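Have a look at the structure below, then the notes.
Just so we're clear, the structure is a prediction, and the values are computed from it rather than from any experiment.
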Amino acid sequence: MSGKRRIISRNLPEEIMEEILHNLPIKSLLRFKCVSKSWLFTISSKAFIKEHLKRSIAEDEEKRGLTDLTNHKLIFKYESSDRRTNAPLSYNLGSCCLVNKPEITPTLNIDIPMPTPNACLVNIMGSCNGLILIKFRKLILWNPSTRKHMVIPSPSFDPIPQQDLFHVRLYRIRYGLGYDEANDDYKVVSIRQSDYQQPHLQTKVYSSKTDSWKEIECSNFKHCFQSTHYGEYVNGRLHWLAECNKNRGNPDIISFDFKEENINEYSSGPVSLVELGGYLGLMNITSDADVNVWVMKEYGARESWTRVWTSSDFGVDQLGDRSLCRGRCARPLCWRKNGDMLVAFG
Amino acid sequence: MAAETGTPTTLTLKSNDDELFSVAESAAILSVTIRNMVEDGCAGGVIPLDNVDGKTLASVITYMNGISAIPADEEKKKSYRDKFLSDKDFETLADMVLAANYLNMSCLMDAVSAKIAQVMEKKSVGWVRRKFGIENDYTPEEEAAVKEEHKWTFEGVETDDDN
């Protein structure tokens, strides 16, 4: 038998061997890097890693009967086990099943791989595809499955203006982690904002591919983030609630797109409650005057909320005048189980 | 297994050690390789399967009959597959994954691959080398370096007590 084949095996060709390896958990795969150089090569290859991640996500979704909801998000909690003795901290990582009871099952107990002189400063800033972004003085990107981590250089924001130096605490920096699938690049977004006197906003994006930060233009952005929460990662974008001065109390949804590297806002607009022929409905009008209608199909069942109608989907030919179905001109009156909806226009 | 209408067609399959097997066409066409032969009209006489031995083919046919008798119910099919593979040893599984690949039966291929992975999961590096006939081409220093990098993955490995 030739020693040149990438996987020399008694009778299993390389593609079958790879198929089998895709079914193994990460711990076994890392151990089997020791089998031979060709196995090390195969298991370490980018294509293999991507395929393995893809399958794990698909399997997760199949098991939970969900799509796009879990996305390998880890549920984590970290706590100091003993304050008096300064014993090492324990970090629990687990997955959470969203279908049944919201039980969190700790599956792992791993120490975050760094010294812990002051635990209060450990912050988890986000997670995506099983990776976790931690702020522990430095920014750290951690993969608990492989137990490897890398330190990300800190972003260099503009110096704080002289007159604000006493209010440094008002300059808040938020971080977020995301994956740019088109460029196969894990990115960290960092937004520094200050509400003090001169509203200030500066945004930087780190690319793990180039290992560098770059500035993102956001001078038109006038919103103020509502909380320090690290944001919700959905569909390649990170989302926060933020409000602008002219519209206090009515937050908009702000998203950062990791592929386009830009900030977008979706005005969630005013939401109103409507009764739709025995069904409880919610109506909202977006900033571009589109009307969305949700219905609680089964009363009391929160998961039965379904968007049943969007005015802009309504064909022009059905109505003749498109302007009629925009904005407050459209008023939903009744929804029926077969999907029919009665809407008053004008 | 009889179809509700008409007489079920039976195919004759021949293993590479010249054993002959009869199987209902409706079950045999789970194999895309066999289905293509049937569609091309090459299945009139005996279908030779040059890459599968008699013992493995008998097992594959048991699977074909079993799984095609289950109506479209993924849960039940899955539990049938699990039960079917539960008592198979490593060598049998290796033969089956080759046969499933040759016969182009993706459902069996996926199930056997997953089963082999399940068997391998907690095994040692030495066990894997022996079972798959893989030559260790590392120098002792290189191997020690790779092992050192992933030290924690060697916790909880089973001892190689089976052959």
Interchain contact, [X] with chain A, by part (heavy-atom threshold 4.5 Å):
X	result
B/V157	side chain
B/E155	both
B/V97	both

Test salt bridge (charged side-chain N to carboxylate O under 4.0 Å, His left out) applied to B/D82 and B/K78, step by step: CA-CA 6 Å; B/D82 290 348; B/K78 192 190 171 303; 3.0 Å; yes
Lys/Arg cation over aromatic B/F90: B/K88, 6.0 Å, 45° cone: no
Axial cation check for A/Y179 ring with A/K187, 6.0 Å and 45° limits: no
Under 3.5 Å donor-acceptor, B/N136 side chain and A/S36 backbone: no
